[in-house]
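Step one of this worksheet: look at the structure below.
Each chain gets a letter, A, B and so on, in the order its sequence line appears, and its residues count up from 1. Remember, predicted model here, so these are calculated numbers, not experimental data.
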Number of protein chains: 2
Amino acid sequence: MIKREKRIQDLTNFIKVNNACSISELSTKFNVSEMTIRRDLAILESNGIVRYLHGGALYNPGLDSQQSNNEDVKDFSDSDYLFNQQIVKHRDDKIAIARKASTLLEPDESVMIDSGTTMSYLCREIENTFSFTAVCWSLNVLVELSRKPNCKLISYGGYFHSQTKMFENPYPSDFMKYTRASKVFISAGGVHPQLGVTCPLSYESETKRKAIESSKTSILLVDASKFGKVCPTHFANIEDFDIIVTNDHLEESMKQEIVARGVRLILV
Amino acid sequence: MIKREKRIQDLTNFIKVNNACSISELSTKFNVSEMTIRRDLAILESNGIVRYLHGGALYNPGLDSQQSNNEDVKDFSDSDYLFNQQIVKHRDDKIAIARKASTLLEPDESVMIDSGTTMSYLCREIENTFSFTAVCWSLNVLVELSRKPNCKLISYGGYFHSQTKMFENPYPSDFMKYTRASKVFISAGGVHPQLGVTCPLSYESETKRKAIESSKTSILLVDASKFGKVCPTHFANIEDFDIIVTNDHLEESMKQEIVARGVRLILV
DNA sequence: TGCAATATGTTAGAATTGTAACAACTTGGG
DNA sequence: CCCAAGTTGTTACAATTCTAACATATTGCA
């Protein structure tokens with residue numbers, strides 16, 4: 001049990017560093033049979049961490065180490081995180097949410113995109129040739145969008161946090177201040193009626209706040225498991241959002257609460 | 001001839017967008033035999049644009065579309081650029097230069113790293129576990145370095161130029177102003193005794209200038225073909241550099257000129 | 001146009017990789 | 001300590017991919 005955990009962790013890192021690796025290499029590298037490597041990779045693939053090609057595996061950039069923006073932090077540090085079906089469920093939910101949110105995008109508009117796995121999925125859902133302008137502050141979003149030929153891209157820089165793949169800009173005088181967008185897509189770690197919308201790390205909050213301020217329409221993308229949860233850092237209240245996109249696992253009272261505050265609720 | 005050109009171009013884009021692709025997919029996608037695809041990919045691999053895995057190819061991030069910083073612009077827009085052995089030669093030279101330059105790095109120091117293929121190679125030459133702080137402004141360097149666990153990273157943000165994968169920050173008040181490093185590694189498109197050190201695009205010059213100003217030791221990395229060339233935008237003079245690393249194809253007079261100006265010349 | 005060079009397709013056999021089933025080994029409670 | 005569940009290795013066979021050589025088609029240029 002513990003041995004496999006360790007190997008899978010190392011495997012992930014190794015593939016990440018090398019971008020890709022063949023089964024046979026991995027097999028000799030980790031001193032296990034190819035069959036075992038295949039089984040490990042099957043797990044990693046079902047969790048979206050690597051892509052599988054005949055003969056080897058390929059790192060799926062932007063979909064791991066997303067320890068921010070959500071309470072999956074716990075799940076991901078759990079020793080059995082990879083075997084937990086919950087994770088995959090959240091993943092499917094997130095993909096569905098992202099797909100729905102992507103339909104809100106209009107051609108040639110300017111949008112801001114937060115960091116986090118859900119946002120990576122959102123980027124993937126956008127047609128490769130779709131024409132729009134994006135403002136971002138995370139490497140995942142950056143990498144995803146930099147592939148799209150008709151996407152004009154602006155990224156905030158700053159200190160790079162490798163766990164979250166996010167930039168923290170310590171200079172508030174930065175051009176962040178002058179940037180505007182018609183929509184902003186935000187992720188969160190917790191949504192609570194009284195305690196507000198929260199995230200796990202203090203350095204993200206300022207960027208999120210500023211992004212919401214600078215956009216005409218604010219859209220929150222969270223899977224239903226985030227409702228009722230609270231993370232250490234508050235960055236907005238429910239009513240600060242114009243739209244919340246989530247999956248249909250919400251208690252009726254929460255739905256009513258959201259709608260009562262004038263927020264449009266989109267369920268998938 | 002022209003058909004192959006086109007296909008290879010499309011192939012590159014397709015693999016880039018998809019990050020990776022199997023031979024069979026590519027074969028059906030482009031309506032040619034798998035054998036042809038293999039031959040195409042062999043060319044792309046020998047130019048460092050993709051990596052080959054049993055059964056498919058994988059986009060090699062950071063090593064194409066580098067149409068800045070060097071006069072390879074011409075080569076790269078040439079219809080037969082991929083078949084031009086010169087390119088591969090430059091590539092080998094650049095890798096050798098990058099390798100040499102990487103030995104100048106000292107543990108735990110702060111360095112700035114410019115954009116361009118040579119810089120990508122430089123990043124690759126740095127040990128994965130090497131401990132240092134880097135400041136950068138190009139996606140290639142960012143992606144390369146973000147994989148290294150002991151690299152503290154700072155990136156400038158701004159408008160993203162997809163041809164050069166570089167950020168242009170239109171706000172000079174940015175925190176770029178307050179950033180310092182002990183060494184800076186710079187690339188260039190042309191080095192001329194009278195006309196100075198130049199690059200093809202005006203938006204890069206300001207960042208290069210600022211980087212040189214903000215660093216204790218400035219190091220220029222250029223392959224020998226750049227000497228005597230001139231690009232539109234001037235950003236420094238030869239004597240502004242403390243060290244020039246290049247390959248040993250320089251005319252004797254140029255070598256003497258460089259040394260006479262008090263610049264340390266390192267040849268590989 | 002016709003020839004030489006290049007590009008592409010085809011084939012068959014070699015090499016590699018994948019699958020499935022079962023055996024052997026570990027591990028963690030009871 | 002033993003058992004059940006989970007993990008790993010092995011085997012044989014299926015499927016896929018690779019290589020090389022040759023045949024055919026296309027292209028560039030004299």
Point to revise | Closest non-hydrogen atom pair between L220(A) and S187(A), with its separation | key: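 Heavy atoms only, the tightest pair is CD1-C, 4.2 Å.
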
Review point. Where do C136(A) and V141(A) come nearest, in terms of heavy atoms and distance?
Key: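 Looking at all heavy atoms of both residues, the shortest contact is CB-CG1, 3.5 Å.
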
Phosphate-side-chain proximity, [X] and [N], N/O vs OP1/OP2 below 4.0 Å:
{"X": "T36(A)", "N": "dT8(D)", "result": "no"}
{"X": "R4(B)", "N": "dT27(D)", "result": "no"}
{"X": "R38(B)", "N": "dT19(D)", "result": "no"}

Exercise for review: For S27(A) and S24(A), test the side chains for any donor-to-acceptor distance below 3.5 angstrom and give the result as yes or no.
Suggested key: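 No, S24(A) and S27(A) have no side-chain donor paired with an acceptor closer than 3.5 Å.
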
Check your understanding: Does a salt bridge link R91(A) with D223(A), judged by any charged N lying under 4.0 Å from a carboxylate O?
Key ->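 Answer for the salt bridge query: no.
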
Review point. Among the nucleotides dG9(D), dG18(C), dT17(D), which one has an atom lying closest to any side-chain atom of I23(A)?
Key: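 From the listed options, dG18(C) comes nearest.
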
**Study point:** Among dG9(C), dT17(C), dG18(C), the nucleotide that comes nearest once only the side chain of V32(B) is considered
**Key:**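 Of the candidates, dG9(C) comes closest.
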
Point to revise | Closest-nucleotide 5' rank along DNA chain C - winner of H54(A) and E34(B) | key: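 Result: E34(B).
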
Review point. Is a donor-acceptor pair below 3.5 Å formed from side chain R39(A) to base dG9(D), judging by atom type as modelled?
Key: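 Check passes, donor-acceptor contact within cut-off.
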
Review point. Between atom CG in D40(B) and atom P in dG9(C), what is the gap in whole Å?
Key: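 So the CG-P distance, D40(B) to dG9(C), works out to 10 Å.
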
Review point. Between the two ends of the helix from dT1(C)-dA30(D) to dG30(C)-dC1(D), what is the bend in degrees, rounded to 10 degrees, where each end axis spans five pairs?
Key: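 Roughly 40°, once rounded to the nearest ten degrees.
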
Exercise for review: Return the 5'-most residue of the pair R7(A), M35(B) with respect to DNA chain D, ranking by each residue's nearest nucleotide.
Suggested key: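 The residue mapped nearer the 5' terminus is R7(A).
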
